[in-house]
Amino acid sequence: MPELPEVETTKNGIAPLIESQKITTINIRNAQLRWPVDIKLCKKLIGLSVLSVTRRGKYLICDCGFLSFIIHLGMSGTLSVVPVGTAYKKHDHVEIIFENNRCLRLNDPRRFGCFIVTELPFQHKLLTKLGVEPLSRFFYANYLFELAQKRQVNIKQFIMNSEIVVGVGNIYANEALFLSGLHPLTPCNQLDKKQCLDLIRNIKSVLRAAIKQGGTTLKDFTNAEGKPGYFQQTLNVYGRKDLPCVECGTLLREIRVNGRSTVFCECCQQLANAN
DNA sequence: ATTGGAACCTGGTGGC
DNA sequence: TGCCACCAGGTTCCAA
């Protein structure tokens with residue numbers, strides 16, 4: 001579930017339902033996530049109110065005053081807000097009950113997500129090394145160009161590196177490279193400034209479009225389940241191996257780049273030959 | 001310092 | 001049906 005657009009959508013969905021609500025109970029049903037949930041520390045949240053919910057990369061930060069909690073959804077995590085007493089689902093890990101008899105539940109089958117209680121979330125080790133937000137003005141051509149000059153990795157791995165820019169996951173990396181006409185294996189230090197500018201524009205536009213769709217598709221996710229349709233959004237390459245390129249009709253190829261499935265058009269995304 | 005690969009997990013799918 | 005291998009939206013950690 002969790003590409004940046006979905007984390008953003010999740011944030012927008014839960015924020016109005018839990019902001020300014022006082023926490024009355026916390027149930028840790030299964031502490032096993034990427035790092036074990038610190039149950040003792042969690043209990044200190046009781047009595048505090050959620051002041052704000054913000055996003056940094058794919059992390060959600062719920063500020064409760066002198067304590068905050070950080071949530072990451074990993075590969076399979078979802079958050080929902082449901083009435084107290086709603087039947088639990090398999091893999092419900094954390095439940096936070098609020099004064100208004102609603103509760104926030106973190107469900108995560110693969111347990112790659114995390115739930116961390118901390119005093120200063122933005123100084124937490126997980127957040128301090130993060131690169132710029134892709135939709136901010138700090139993500140611009142010269143920024144990308146100068147960092148790319150210093151590296152040897154392929155462009156796909158480069159834009160998926162959260163120390164460079166946060167929130168570009170496998171799906172949107174594939175999509176942005178297609179829109180930019182860049183072969184995924186192009187060494188990042190081969191890009192010129194214009195290509196960097198183009199790539200940045202495409203990353204921004206693909207993320208913005210996805211947020212728009214995520215907003216539509218996942219609008220009702222806080223109710224009960226709700227979510228189908230996300231995959232129906234217009235993806236040009238991801239998940240389209242052996243299907244015709246929307247631009248030229250060539251059958252799309254799939255390769256593995258640093259272990260991640262990578263689909264591209266050999267015709268539209270050619271690898272520049274450095275003699 | 002940079003880079004590639006393994007590791008962390010469960011669930012779904014497709015082949016035999 | 002059953003069993004098994006393989007794949008999946010992410011990130012950390014370790015070794016070279």
Side-chain angles (χ1 to χ4, degrees), chain A residues 1-11 29-37 55-60 70-79 88-94 106-116 124-131 134 146-177 184-190 203 206-207 209-211 213-214 217-218 221 225 227-242 254-263:
Chain A
M1 300 286 168
E3 289 264 343
L4 181 143
E6 290 208 3
V7 179
E8 177 71 14
T9 303
T10 296
K11 186 204 77 179
R29 298 182 49 79
N30 182 346
Q32 296 308 309
L33 288 170
R34 170 178 279 282
W35 298 284
V37 179
R55 180 187 60 73
R56 176 76 175 98
K58 294 172 187 164
Y59 292 92
L60 289 175
I70 302 171
I71 294 173
H72 194 289
L73 299 175
M75 292 271 255
S76 58
T78 52
L79 283 172
Y88 289 116
K89 291 188 295 185
K90 198 174 180 182
H91 306 301
D92 277 345
H93 285 258
V94 179
L106 171 60
N107 184 283
D108 187 2
R110 291 180 69 184
R111 305 183 193 170
F112 289 169
C114 67
F115 184 92
I116 292 171
H124 192 281
K125 188 177 145 191
L126 290 172
L127 301 195
T128 51
K129 288 184 304 184
L130 294 180
E146 286 176 21
L147 287 175
Q149 289 290 94
K150 303 178 201 158
R151 308 250 185 164
Q152 318 277 347
V153 289
N154 63 69
I155 189 61
K156 181 166 184 251
Q157 192 181 8
F158 184 69
I159 60 173
M160 289 182 70
N161 181 346
S162 64
E163 294 184 21
I164 307 293
V165 56
V166 296
V168 182
N170 195 37
I171 293 177
Y172 298 109
N174 277 296
E175 295 300 314
L177 291 172
L185 293 176
T186 308
C188 65
N189 58 9
Q190 263 184 29
I203 289 173
V206 97
L207 290 177
I211 288 172
Q213 297 202 23
T217 314
L218 298 177
F221 75 103
E225 261 291 70
K227 61 138 199 266
Y230 179 73
F231 286 98
Q232 293 167 10
Q233 71 182 260
T234 51
L235 296 173
N236 288 307
V237 284
Y238 184 83
R240 298 196 65 245
K241 175 192 177 189
D242 292 337
E254 180 177 75
I255 58 174
R256 311 212 59 94
V257 177
N258 303 287
R260 310 301 298 274
S261 105
T262 304
V263 187

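All chains are named by letter (A, B, ...) in the order of the sequence lines, taking the proteins before the strands, and each is independently numbered beginning at 1.
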| field | Polar side chain donor-acceptor pair, A/K90 to A/N107, under 3.5 angstrom | value |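 No - no donor-acceptor pair under 3.5 Å links their side chains.
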| message | So A/K90, base contact, sugar-phosphate only, or nothing? Heavy-atom distance under 4.0 Å. | response | sugar-phosphate
Under 4.0 Å from OP1 or OP2 of [N]: is there any side-chain N or O of [X] that close?
X: A/Q32; N: B/dC9; answer: no
X: A/R111; N: B/dG11; answer: no
X: A/Y172; N: C/dG9; answer: no

| query | Does C/dT12 pair with anything, Watson-Crick or G-U wobble, both distances under 3.5 Å, and if so, with which nucleotide? | reply | B/dA6
| task | Once you apply the 3.5 Å cut-off to both distances, tell me the Watson-Crick or G-U wobble partner of B/dG12, or none. | result |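 Its partner is C/dC6 (Watson-Crick or G-U wobble, both distances under 3.5 Å).
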| remark: Picking from C/dG9, B/dT10, B/dG4, the nucleotide nearest the side-chain atoms of A/S261 would be C/dG9
| task | Specify the separation, in whole Å, of atom CG of A/N161 and atom C1' of B/dT2. | result | 10 Å
| query | In whole Å, what is the span from the CD1 atom of A/I155 to the P atom of B/dT3? | reply | 12 Å
| said: Between A/S76 (side chain only) and A/R110 (backbone N and O only), is there a donor and an acceptor less than 3.5 Å apart? | reply: yes
| task | Summarise protein proximity over nucleotides 10-16 of chain C in one line of letters, 5' to 3': B for base, S for sugar-phosphate only, - for none, counting protein heavy atoms closer than 4.0 Å. | result | BBS----
